[in-house]
Amino acid sequence: QKEVEQNSGPLSVPEGAIASLNCTYSDRGSQSFFWYRQYSGKSPELIMSIYSNGDKEDGRFTAQLNKASQYVSLLIRDSQPSDSATYLCRGGGSYIPTFGRGTSLIVHP
Amino acid sequence: DVKVTQSSRYLVKRTGEKVFLECVQDMDHENMFWYRQDPGLGLRLIYFSYDVKMKEKGDIPEGYSVSREKKERFSLILESASTNQTSMYLCASSLLAEVPEQFFGPGTRLTVL
């Protein structure tokens, strides 16, 4: 079974801090990874994709991929209360996507 | 912008009823997916389709069927609804590629009484 694992949280950080969300995966064939943000009662929204080892930055978000360690992370700088949501990690080395169960992030003022 | 729409945001049905959930995408995507999402269980894949009239079982297909008669439309059918099918149902679409980005519809919150 190809799996993507995430700590369910909640991860609680103060406003303005860096939030670090982590994800590990079992399928060494996985080539690409995605981070989705999901607000309560809403559907997942794609916020970052990463295809190669290293860092990818987009605004306050940085995705990091380490294929040797089978590890993906999402850093959110200058966290805001509006970042409070569940963050889903998605991988998949084939045509079938595999999602983690998500990490709940709470950013408190 | 990719747009994925679902026929209802909220639906209440009775046990034993036949239920149809419709999903339409307007970006000419080949792939379409149906998931259910329950607290603590994450997203679970029910069925997916890579082409018209083509369907593949996901992780939890029991109690469900699907139909894809047109490229833009993917329907999920609950033949005889049961209370354990009360859930949030999410449709997604993507291009046909090895690991494509998926775009989700707004979801249907189904309650079976």
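Chain naming here is simple, since letters A, B, ... match the order of the sequence lines and numbering starts at 1 in each.
- Arg44(B) does not touch chain A: none of its heavy atoms, backbone or side chain, sits under 4.5 Å away.
- Both the backbone and the side chain of Gln102(B) have a heavy atom closer than 4.5 Å to some heavy atom of chain A.
- Side-chain contacts under 4.5 Å among hydrophobic residues (ILVMFWY), followed directly or transitively, place Tyr39(A) with no other residue at all.
- Identified by a heavy-atom distance below 4.5 Å to chain A, the contributing residues of residues 75-92 of chain B are Met88(B), Leu90(B), in residue-number order.
- With a 4.5 Å cut-off on non-hydrogen atoms, Ser8(A) does not touch chain B at all.
- Taking every heavy atom of both residues into account, Arg9(B) and Gly41(A) meet most closely at NH2-O, 3.6 Å.
- Separation of atoms CD (Gln37(B)) and OG1 (Thr86(A)) is listed at 8.0 Å; rounding is to 0.5 Å.
- Side-chain heavy atoms closer than 4.5 Å link hydrophobic residues (I, L, V, M, F, W, Y) into clusters, and following such links, even through other members, never connects Leu11(A) to Ile106(A).
- Residues Tyr64(B) and Met32(B) fall within the same hydrophobic cluster, defined by Ile, Leu, Val, Met, Phe, Trp and Tyr side chains chained together at heavy-atom separations under 4.5 Å.
- Both Val107(A) and Ile76(A) belong to a common hydrophobic cluster when Ile, Leu, Val, Met, Phe, Trp and Tyr are linked at side-chain heavy-atom distances under 4.5 angstrom.
- For the ring-ring contact (aromatic ring centres under 6.0 Å, His included) test, residues two or more places apart in sequence or in another chain that qualify with Tyr35(B) are Phe99(A), Phe104(B).
- Heavy-atom minimum distance, Glu101(B) versus Tyr51(A): OE2-OH, 3.5 Å.
- A chain of hydrophobic side-chain contacts below 4.5 Å, direct or via other Ile, Leu, Val, Met, Phe, Trp or Tyr residues, connects Phe48(B) to Leu43(B).
- Residue-environment remark: NZ (Lys56(A)) exceeds the threshold of 12 foreign heavy atoms within 6.0 Å.
- Contact of Glu45(A) with chain B is not made at all, since no heavy-atom distance falls under 4.5 Å.
- The salt bridge (charged side-chain N to carboxylate O under 4.0 Å, His left out) pairs that include a residue from residues 66-79 of chain A are Glu57(A)-Arg77(A), where partners are two or more places apart or lie in different chains.
- Judged by distance alone, the side chain of Ser43(A) and the main-chain N or O of Gly105(B) form a donor-acceptor pair under 3.5 Å.
- Hydrophobic cluster membership is shared by Leu110(B) and Val66(B), with clusters built from Ile, Leu, Val, Met, Phe, Trp and Tyr side chains linked at under 4.5 angstrom.
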